[in-house]
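Each remark here refers to the structure printed beneath this line.
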Amino acid sequence: MTAGRRGRAAGPLLLLALVVVTLAPFAELFVTALHPPGTYPRGLTWPEDPHWSNFATAFRSARVDRLLVSSGLVVLCAVPATLALAVPAGYALGHLRFPGHRVVFGLFALGLVLPLEAVVTPLYHQVRDLGLLNTRCGLVTALVAVHLPFAVFWMRAHFAGASRELSDGARLDGAGPWQLFRRVHLPLARPAASSLAVLLCAWTWNHFLLAIVLVDDPEQRTAAGVLGAFQGRWGTDVPLLCAGTLLILAPVLPAFALLHRRVSADVVRAALTKD
Amino acid sequence: MAHSGRFGAAVALLLASLLAGCSAPGVDRPQRAGAPGSPGSEPDCGTGPVVLRARFEAGFPLARALADEFTRHHPNVTWDVREEQFAVLTRNAPRLLVDDPPDLVRLPQVADLVGDGLLRDLDGYAAWFGWDDWPPAQLRTMRAGPGGRPRGEGPLYAMGFSTSVTGVFYNKDLAARIGFREPATLAEFDEALARAAEAGITPLAGFNAGATGGLVFPLQALMAAHGSPAAINDWVFQRPGATIDTPANAEAARHLQRWLRAGYFDADLNATDYARMVDRFASGQALFMLDGDWESATLDRRMPGRVGFFLVPPLRAGDPRAAMSGPPTFGIPAGSAHPDCAAAFLNWAVTDRAARETTVRVGGSLPLGPADAHLPPVEPGSVTAATLAAAAEVVAGGTGMDFVANATGAALAESWTPRLQELAAGERAPEDLLRLVQDDYVEQIGG
Amino acid sequence: MSRLVGWLFVLPALSVYAVFVLRPLALTVQYSLYRWDGIGPSTWVGWDNYLAVLTEPDLVGAIGHALVLVVIFTGVPLCLGLPAAAVLRRATGGRAVRAVLLLPQAVPLVAAGFAWSLLLSSTGAVNRLLAAVGLDGVTRAWLGDSSTALAAVGVIGAWALLGLCTTLLLVGVDRIDPALHEAARLDGAGPWQEFRAVTLPGVRRELGVCATVTTTAALASFDVVYVTTQGGPGNATAVPGLEVFSLAFAQREVGLASALAVVLVVLVLAVVAPVLRWSR
C-alpha cells in the first residue's frame with residue numbers, strides 16, 4: 001500500500017513521534033517530581049539531587065492513602081450499581097424488545113451526547129435537597145445516573161446479538177422470564193459486562209466536574225477531584241504537585257496496561273454496533 | 001435510531017414544559033443574622049473537647065500558626081483546618097456557608113454574604129471584648145450596612161489578625177547596581193524602572209495568571225497616586241453612585257499600560273501565578289515587586305537583610321502616601337457550631353502576647369488592637385521592620401484603602417482579571433478596562 | 001403480559017436516569033427562564049437569559065471557542081490517527097504502540113492538563129525543544145499568550161483523544177477488503193486517490209463515531225480549561241462548560257448558566273446529528 005522508501009520510513013517515524021508526544025507529559029511529571037520542593041525547574045531536566053522523598057512527603061502530607069481509599073470506595077459503589085441497573089435494561093432493550101423500547105432507548109441515547117453541564121446545576125440543588133451533598137453517597141448516585149446511558153447502550157449492543165433460539169429453547173423448557181435472564185443470558189454477558197466494568201472504573205476514577213461540585217471535602221471525592229484540592233494544599237509547589245499527581249495516577253496505569261487489549265476490542269465492537 | 005432519538009428528545013421537552021408549570025425555583029430563606037445582642041457571659045471555649053472547623057487561604061501560614069498556638073494555650077480546642085486557594089475560597093464561600101458552615105472562614109469580602117444572612121453579627125462580641133475601643137479605622141472594612149451595602153459602616157461581620165499594607169519590595173543588591181534610592185515621587189520611581197530595564201534587570205516582578213489578576217495591585221497603587229484613595233474606598237464599599245471609571249483612574253491605567261508596553265514585566269506575565277512571582281523575586285530575578293507585607297516573613301527568611309520596602313510614592317513630593325491596607329478578614333458563619341469559641345479565638349489572637357508575636361514573626365504584619373498594645377520587637381534592618389513602620393504610617397495618616405478586588409464577590413475573577421489580562425496582552429484600552437469593570441460592578445450589585 | 005415484562009427489567013435503570021438526569025435537564029430549562037442566585041427567591045425573566053447568551057460578547061465568544069476546539073479535537077486525532085492506523089495495521093510491535101497511544105484515556109484530564117501546563121510553560125520542554133532547533137523567536141508561554149492559549153488547550157484535548165481515534169480507525173482500516181486496494185492500484189490510482197476512493201469510504205462509520213466522541217468532548221470541555229487557564233488570559237479560552245460552572249456557582253447567576261447550558265445542548269445535537277447521518 002505504501003509506495004517507495006520515503007513512504008515506508010514515514011510511517012514508523014509518525015508512530016515514533018506520536019508515542020513520544022503521548023509519553024511526554026508522564027515523563028514531565030516524573031522528572032519534575034524529583035526536584036527539590038518549592039522550586040520551578042526547567043522542563044524535563046533531570047535534577048542533580050533527585051528527591052525521591054517527595055513521593056513520601058506527598059503521600060503523608062496529603063494523606064494520599066485516605067484519598068485513594070475514598071476514590072476506591074466511590075468506584076466500588078458506583079460501578080456495581082451501574083452494572084446492576086444497566087445489564088437488565090440492556091437485556092430488555094436489546095433482546096426482549098418490549099413495546100415502546102425504541103422510545104426508552106431514545107431517552108438513553110439522548111444521554112449519550114448530553115453535556116454534563118446541562119444537568120450539573122439542578123443536580124446540585126437536587127442532591128442538596130436530598131441531604132446528600134458532600135457525601136460519597138450523593139456522588140455515587142450522580143455518577144451512576146450519568147454513566148447509565150453509555151452502560152445501557154453497551155449492554156444493549158451485546159444483548160442485541162444474543163441468540164433467539166437459545167431463548168426459545170429455554171422457554172420451551174419452562175423457564176420464566178427471570179430465570180431466562182439469570183440462567184441463560186447473564187452468564188453469556190459476563191465478558192461484555194466485565195469490559196464495561198473496567199471502562200466505568202476508569203471513568204469514575206477520573207471524573208472531575210461532579211466531584212468538585214457535589215463534594216467539598218477532598219477526602220470524599222474521586223481521584224481526579226482530589227487533584228483540584230492538591231493545588232489548594234500546596235499552593236503551587238510544583239514538584240510536590242507532580243509527586244501527588246503521580247501517586248493518584250499510580251493505580252490506574254497498571255490496571256489499564258493489563259486490560260487494555262480486551263477493553264479496546266470491545267469498545268470498538270460496541271461503538272460500531274448500531275440497532 | 002434517529003427516530004427514537006428524536007422521540008426521546010420530544011419526551012424530554014414534554015417533561016420540561018410540565019415542570020415549567022411548577023413553582024419557581026428558590027425559597028425565601030429567612031435572614032439568619034446570627035446572635036444579636038451581647039453574650040451573657042464571657043464567650044469562651046469551655047473545658048470540654050471542641051473541634052473548630054476552619055477554612056484558611058493556602059500559602060498564608062499565619063492563620064494556621066495562630067490556630068496551633070491557640071491549641072497550645074487551650075489544649076481542649078483542636079482544629080480541623082482546610083486550606084484553599086484564594087480564588088476557590090471566594091467562589092465556594094456562598095455555597096459553603098449555606099451547606100456546611102465551618103466555624104471560621106477566611107473571606108475576601110462580606111457584602112454579598114451579609115446580604116444573604118450567612119454571616120454572624122459580631123457586634124455583641126465586639127462590645128464584650130472591647131474591640132469597639134480600638135481606632136475605628138481598623139475595623140471599618142469589616143462592617144456592612146443592612147443587606148450588605150454599603151460597607152464601611154454598620155454592624156461588624158468579620159475580624160482580622162493584622163493590618164496588612166502593600167507597597168514596593170526591592171532587591172538591595174540589584175538596586176545598588178543601578179544606584180537606586182527610595183523614590184520620593186512617582187516620577188523618580190518611573191525613572192528607576194527605566195534604569196533597571198537599561199541595565200538588563202527585569203524591573204517588576206508580576207503575576208496575572210489564572211483567576212487572580214495580580215496587575216490589580218500596581219493598578220490600584222497608581223490609581224491612589226493619581227487620584228483619591230477615598231474615592232476608591234467609596235467604590236469598594238459600594239456607596240451609592242460610586243464609580244471606578246474616573247479620569248484620574250484612567251490616567252493611572254494608562255500609566256500601567258506604559259509600564260507594560262515598556263516591557264518592565266516579564267513576557268509571560270499572563271502565565272505567571274502568585275507563588276511563581278514571589279519565587280522569581282526571592283531568587284533575585286527582578287528588582288521590584290509590588291506586594292504586601294504578608295510576604296515579609298518569607299523574604300526575611302530567604303533574603304535576610306537584602307530586601308527593602310517603601311510605600312508607592314505620590315505624584316508630588318511630600319503628599320501623603322496611600323496603600324492598600326486592611327486586615328485579611330475572617331468571618332464566623334451564621335450556621336457555625338461553636339461561634340463563641342471562634343470569637344474567643346479571634347480575641348485571643350489580637351490580645352495575647354504570644355499571639356501578637358506570632359503575627360509579626362510569621363505574618364510579618366502589624367497586629368490589630370489598641371494603639372498601646374504590646375508590639376513585638378523586630379530585628380532592625382529586616383524588611384519586616386520596614387513594613388511595620390509603613391503600616392503604622394498608613395494607619396496614622398488614614399490613607400488606607402481596601403483592595404479593589406474586594407468590591408464584589410465576583411469582581412476579581414470575572415471583571416478585573418480578564419480585563420487586566422487583556423490589557424497585559426495589548427488587547428484592551430485602559431479606558432475601556434475601567435468602563436467594562438464599572439459596568440460589571442453595577443450589574444453585580446444588582447443595580 | 002410477557003411482552004411487557006421487559007418494562008420491569010428496564011424500570012430501575014430508567015427511574016434512576018429519569019430522576020438524576022432527565023429531571024435536572026428539564027429543571028435546567030425551567031431555571032433558564034428565571035433570574036436566580038441559587039439561594040434566595042427567583043424572578044421570572046422569560047427569554048432575557050437567552051438574549052444575553054446570544055448577544056453578550058463574552059458568552060458568544062465562549063461558544064465560538066468551543067467550535068474552534070471542535071475543529072482541533074476532531075481534526076488532529078483524525079488527521080494523525082488515520083495514517084497511524086494504516087501503519088499500525090502492518091507494523092510489528094503494533095500492540096505495544098496501541099497500548100501506549102490509549103494511555104491518555106486512562107488518566108484524568110485534570111492530571112493531563114496539569115502535566116501539559118508544565119510542558120507548555122515559558123521554561124517548559126516544548127520551548128526548550130524549539131530553542132534547540134533554532135526556533136527561539138517562537139517560544140512563549142503557550143497557555144499564557146492569548147493568541148495561542150486556545151490552540152494549546154486544543155492540543156491537550158487532541159492528545160487525550162488521539163489514541164481512541166486511532167484504535168477505532170484501526171478496526172475500520174482492517175476491515176477493508178484488500179481486493180479493493182488491489183483493484184484501485186490496478187486502475188492506476190496514486191496513493192492519494194486510493195486513499196480517497198477506498199480507505200475513506202471504508203472507515204466512514206468509524207470516522208463518524210470518532211467525530212461524535214471528539215465533538216461532544218470539545219463542546220462540553222471543562223476539565224482541561226479549569227486546570228490550565230481558568231478561561232484566561234482575558235477570555236481567550238472561555239468555553240461554555242467553564243462559563244456554566246462559573247455563572248452557576250461563582251457568580252450565582254443560575255438562570256443565565258442554565259440558558260447557556262440549554263444552548264450548549266442544542267449546539268451539541270446540531271453538530272452531532274449531521275455527523276452521525278453522514279457516517280451511515
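Everything numeric in this text was worked out from a predicted model, so none of it was measured. Letters A, B, ... are given to chains in the order of the sequence lines, protein chains preceding strands, and every chain is numbered from 1.
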Handout entry: chain C contact via A/Leu44 - side chain, backbone, both or neither, heavy atoms under 4.5 Å
Key = both
Handout entry: Student check: side-chain heavy atoms of C/Leu164 and C/Pro77 closer than 4.5 Å
Key = no
Practice task
Tell me, for A/Ala142 versus chain C, whether the close heavy atoms (under 4.5 Å) come from the side chain, the backbone, both or neither.
Solution key: neither
Handout entry: Pick from A/Leu253, A/Leu209, A/Leu93, A/Leu16 with the largest number of heavy-atom pairs that fall under 4.5 Å of chain C
Key = A/Leu209
Practice task
Let me know if C/Val272 has heavy atoms under 4.5 Å from chain A in its side chain, its backbone, both or neither.
Solution key: side chain
Exercise for the section: Using a cut-off of under 4.5 Å on heavy-atom pairs, state which of A/Thr141, A/Val127, A/Val146 scores highest against chain C. Expected result: A/Thr141
Handout entry: Interface moiety of C/Leu219 toward chain A, non-hydrogen atoms closer than 4.5 Å
Key = neither
Problem - Under 4.5 Å from any heavy atom of chain C - which part of A/Val21 - result: both
Problem - is_close_aromatic(C/Trp7, A/His101), centroid dist under 6.0 Å - result: no
Exercise for the section: Verify, without hydrogens or angle tests, whether C/Glu243 (side chain) and C/Val239 (backbone) share a donor-acceptor contact under 3.5 angstrom. Expected result: no
Handout entry: Side chain / backbone / both / neither for A/Leu130 at chain C, heavy atoms under 4.5 Å
Key = side chain
Fill in the blank from the handout: Distance col, row A/Leu96:CG vs C/Leu4:CG, nearest 0.5 angstrom, shows 11.0 Å
Fill in the blank from the handout: Counting heavy-atom pairs under 4.5 Å with chain C, the top scorer among A/Tyr91, A/Phe181, A/Trp205, A/Phe108 is A/Phe108
Handout entry: Atom group of A/Ala24 that falls short of 4.5 Å from chain C, counting heavy atoms
Key = both
Completion exercise
Checked C/Thr212, C/Leu11, C/Leu129, C/Leu14 vs chain A; the most non-hydrogen pairs under 4.5 Å come from C/Leu14
Completion exercise
Looking only at C/Thr166, C/Leu80, C/Leu119, C/Val244, most heavy-atom pairs under 4.5 Å shared with chain A are made by C/Leu119
Practice task
Identify the heavy atoms of C/Ala160 and C/Pro104 that sit nearest to each other, and give their distance.
Solution key: CA-CB, 3.7 Å
Problem - C/Tyr17 versus chain A, the contacting section by heavy-atom distance below 4.5 Å - result: both
Exercise for the section: Indicate the atoms forming the closest heavy-atom contact of C/Pro24 with A/Gln126, along with that distance. Expected result: CG-OE1, 3.9 Å
Exercise for the section: Could you tell me which non-hydrogen atom of C/Thr28 sits nearest to which non-hydrogen atom of C/Ala261, and how far apart they are? Expected result: CG2-CB, 4.0 Å
Exercise for the section: Would you check, one step at a time, whether the test ring pair (Phe, Tyr, Trp, His ring centres under 6.0 Å) holds for C/Phe9 with A/Phe98? Expected result: CA-CA 10 Å; C/Phe9 277 93; A/Phe98 54 92; 9.5 Å; no
Completion exercise
Turns out that what part of A/Leu123 lies under 4.5 Å from chain C's heavy atoms comes down to both
Handout entry: C/Asn127 side chain to C/Thr123 backbone, donor-acceptor under 3.5 Å
Key = no
Handout entry: Contacting region of C/Val254 [heavy-atom separation from chain A under 4.5 Å]
Key = side chain
Handout entry: For chain C, the option from A/Thr45, A/Thr222, A/Thr32, A/Leu246 that forms the most heavy-atom pairs under 4.5 Å
Key = A/Thr45
Problem - Contact origin within C/Leu260 toward chain A - heavy atom pairs under 4.5 Å - result: neither
Exercise for the section: Under 4.5 Å heavy-atom distance to chain A, tell me which part of C/Val126 shows up: side chain, backbone, both or neither. Expected result: neither
Problem - Proximity breakdown for C/Val268 and chain A, heavy-atom pairs closer than 4.5 Å - result: side chain
Practice task
Among C/Thr216, C/Leu101, C/Val107, single out the residue with the greatest number of heavy-atom pairs under 4.5 Å to chain A.
Solution key: C/Val107
Practice task
Return the set of residues passing side-chain hydrogen bond (donor to acceptor under 3.5 Å, both in side chains) with A/Tyr124 (not counting sequence neighbours), or none when no residue passes.
Solution key: B/Asp99
Handout entry: Closest non-hydrogen atom pair, A/Phe159 against A/Val87
Key = CE1-O, 3.5 Å
Problem - Leading residue by heavy atom contact count with chain C [cutoff under 4.5 Å; candidates A/Val19, A/Val144, A/Leu116, A/Leu18] - result: A/Leu18
Practice task
State which residues pass side-chain hydrogen bond (donor to acceptor under 3.5 Å, both in side chains) with C/Ser258; sequence neighbours excluded, sorted by chain then number.
Solution key: none
Practice task
Find the one option among C/Ala257, C/Ala184, C/Ala125, C/Ala248 whose heavy-atom pairs under 4.5 Å with chain A are most numerous.
Solution key: C/Ala125
Handout entry: Part of A/Thr245 lying under 4.5 Å from any heavy atom of chain C
Key = side chain
Exercise for the section: Kindly say whether C/Trp36 contributes a backbone atom to a donor-acceptor pair with the side chain of C/Ser42 at under 3.5 angstrom? Expected result: no
Exercise for the section: Decide whether A/His185 and A/Ser167 meet the rule of one side-chain donor and one side-chain acceptor closer than 3.5 Å. Expected result: yes
Practice task
Go through the atoms of A/Leu29 and report whether side chain, backbone, both or neither lie under 4.5 Å from a heavy atom of chain C.
Solution key: side chain
